[in-house]
There are 2 protein chains.
Amino acid sequence: MTTEALNRLKTAEAEKITHLDYFNIGISVDCVIFGFEKKELKVLLIKSDLEEFADKWSLLGDLIDPFEDLDSAPYRVLKQRTGLDDVFLQQVGSFGEVKRHPSGRVITTAYYSLINIRNHQLKITDNEVHWHTVADVKDLAFDHKKIMDACLKRLRVQAMDEPVVFNLLPEKFSLRELQDLYQSILGIKLDRRNFRKKISLKSWLHDLDEMENNVPHRPGKLYKLKTGLKTTTL
Amino acid sequence: MTTEALNRLKTAEAEKITHLDYFNIGISVDCVIFGFEKKELKVLLIKSDLEEFADKWSLLGDLIDPFEDLDSAPYRVLKQRTGLDDVFLQQVGSFGEVKRHPSGRVITTAYYSLINIRNHQLKITDNEVHWHTVADVKDLAFDHKKIMDACLKRLRVQAMDEPVVFNLLPEKFSLRELQDLYQSILGIKLDRRNFRKKISLKSWLHDLDEMENNVPHRPGKLYKLKTGLKTTTL
DNA sequence: AGGATTTGTGTACAAATTACACGTTGTTTG
DNA sequence: CAAACAACGTGTAATTTGTACACAAATCCT
């Protein structure tokens, strides 16, 4: 340990930070689990279990197990909380400010996940866990708002050039639903005609009616993602 | 701890992994420090201090101090190793496979840094530390090759839409130097005329001759980054 | 001095982005 | 049930960006 660290320790003592065990650093993972429903991007949150954050919501997370790979931990958390196995999950970054956790030093690695809220496997057993509209989330426990924002930013970038958002939709969907989804993620309105053109340029989609000979002007036309494109992990 | 973790512990015992203290997880940072010289992208490496990797090179890193923010640690490492203070540094990701470190469980967070090799402040004191051509690096100690590749990938993406690469160049440079730099980062050849057009579209650069009335056809024309655009941290 | 190489600049074509209009289907409602 | 309204599906023109490619002046090499 450097003398600098010792100085910081003295500072901590002077500030009477005595309830912390700063020399035993905890490691956790936190999951930002996104869903999509009623034209709104949602995030799965749980009531904070700390007195300090009694009224606040927090991300789903856990300390990592000594014998589990870091990148495996979020899968475990997701399985425990949602019952889902085969999910899109991606590491976003690690957050390790000294005082980010009130009861001790914990460094956390954040992951973001995209799941289909209407998935039949999905089981939110714990009644302390709820879906929240992302746009309405103003404040969270710990630095979880910052973490959520980082994940949202990553999602926005990724949604533009990889077919990840389809993890949020059912197998079949209309272009309108897809556009609503993109709008809720990006937080902006998109031109309907240009959006359709741009999507078809990427050639990710399969027109479910295309086998039938030209059926023109059918509102609510359904599409699905071409097989092999669905990203569950990266 | 979950029963799953206990099972893994039993497995470890069965495999006679006795020299590890897997229940005390270490936390480190590793820095992928890029430089640019003689038209080649370089990376700063140090001889591994572990027997297991006696012949191999490794990234510059250190365990974090108990009283230091995670994102501050790489600045400390860089200051100690290069003498540089004001550097571009960005977190890339965390690597935490159980068996990534032979002498115990260590989770590391990787950062990439861009520095000017010809910076007068730069002092590589330690003679175990050397610059290596990135393209020639085949294997490193631990999982450091994987980490370096992740940082290189990030650099490639970032170089395309943010003016980060100028941290690798002196204040004044020719477009030829800039193109060589981009080519060494991306690993591909670029068309000279199209590269110039693309760069000028971004309007990052300031033509040092532009105040003088039209001086045509001057090879080796110098440019510099517009003030306020240099990114040292993100 | 002459030839090869490098530097600076510009043009023509293809592809993608943006702005914008029309006819049809489905829904609401008086 | 029909008229008014909203949403759906498709297309076209103008602009911007990307790509391929050619020539003249300056520098380098022998």
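Convention: sequence-line order gives letters A, B, ...; per-chain numbering from 1.
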Side-chain donor/acceptor pairs under 3.5 Å, residues 180-189 of chain A, sequence neighbours excluded:
residue	atom	partner	partner atom	Å
A:Asp180	OD1	A:Arg176	NE	3.1
A:Asp180	OD2	A:Arg176	NE	3.2
A:Tyr182	OH	A:Ala159	O	3.0
A:Gln183	OE1	A:Gln179	NE2	3.2
A:Gln183	OE1	A:Leu190	N	2.8
A:Ser184	OG	A:Leu181	O	2.8

Might you confirm whether atom CG of A:Asp161 has over 12 heavy atoms from other residues, nucleotides or ligands at distances under 6.0 Å?
-> yes
How would nucleotides 15-20 of chain C be written as a contact map, 5' to 3', with B for base contact, S for sugar-phosphate-only contact and - for no contact, using protein heavy atoms under 4.0 Å?
-> -SSBBB
Say whether A:Gln121 and A:Asp85, considering side chains only, have a donor N or O and an acceptor N or O under 3.5 Å apart.
-> no
Determine whether A:Phe166 and A:Leu178 make a side-chain contact, defined as any pair of heavy atoms from C-beta on separated by less than 4.5 Å.
-> yes
Establish, yes or no, whether a centroid distance under 6.0 Å links the rings of A:Tyr75 and A:Tyr111.
-> no
Write down the atom of B:Cys151, the atom of B:Val92, and the distance for their closest heavy-atom approach.
-> SG-CG2, 3.7 Å
A:Arg192 CZ to C:dT24 C1', straight-line distance once rounded to whole Å | 12 Å
Check whether any side-chain N or O of A:Lys221 sits under 4.0 Å from OP1 or OP2 of D:dT10, and answer yes or no.
-> yes
Residues of residues 171-189 of chain A with a heavy atom under 4.0 Å from any atom of DNA chain D, listed by number, are A:Arg176
Evaluation steps, side-chain contact (heavy atoms from CB on, under 4.5 Å), between A:Trp57 and A:His130 = CA-CA 9 Å; A:Trp57 294 87; A:His130 288 289; 3.5 Å; yes
Should the heavy atoms of other residues, nucleotides or ligands under 6.0 Å from NZ of A:Lys172 be counted, would the total exceed 12?
-> no
Within this structure, what is the CZ-to-C1' distance between A:Arg196 and D:dT12, rounded to whole angstrom?
-> 17 Å
